[in-house]
Amino acid sequence: MRTVAETTIGSAAGLLVLAAMFIAIWAARDSSAGAGVAEADAKPVALQSARAHRTPVTRTSMTPEQLQALRER
């Protein structure tokens, strides 16, 4: 039993598919490189710390009696 790669048509088709894959990878790499240049030209944005946006907890909405009841359980 012969495999597809042993035939002339199969070998040619395999080479064609391989060449198409390399061209697709090359085109994708070039398009992503162009996007990187566009990002470099944009104004840099300072990243804010997530910690700076948190509101500190200064008091609780529970009454002292409710807290005492929870502690006694």
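These numbers come from the heavy atoms of this one structure, side chains and all, not from hydrogens, waters or symmetry mates.
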Practice task
Please round to the nearest 0.5 Å and tell me the distance separating atom CG of Leu18 and atom CD1 of Ile23.
Solution key: 10.0 Å

Problem - Backbone N/O of Thr63 and side chain of Gln66: donor-acceptor pair under 3.5 Å - result: yes

Problem - CZ-CG distance between Arg71 and Leu67, expressed to the nearest 0.5 angstrom - result: 5.5 Å

Practice task
For side chain to side chain contact (heavy atoms under 4.5 Å, CB included), just list the numbers for Val17 and Met21, CA-CA rounded to whole Å, side-chain angles, deciding distance to a tenth of an Å, and then say yes or no.
Solution key: CA-CA 6 Å; Val17 168; Met21 286 174 31; 4.2 Å; yes

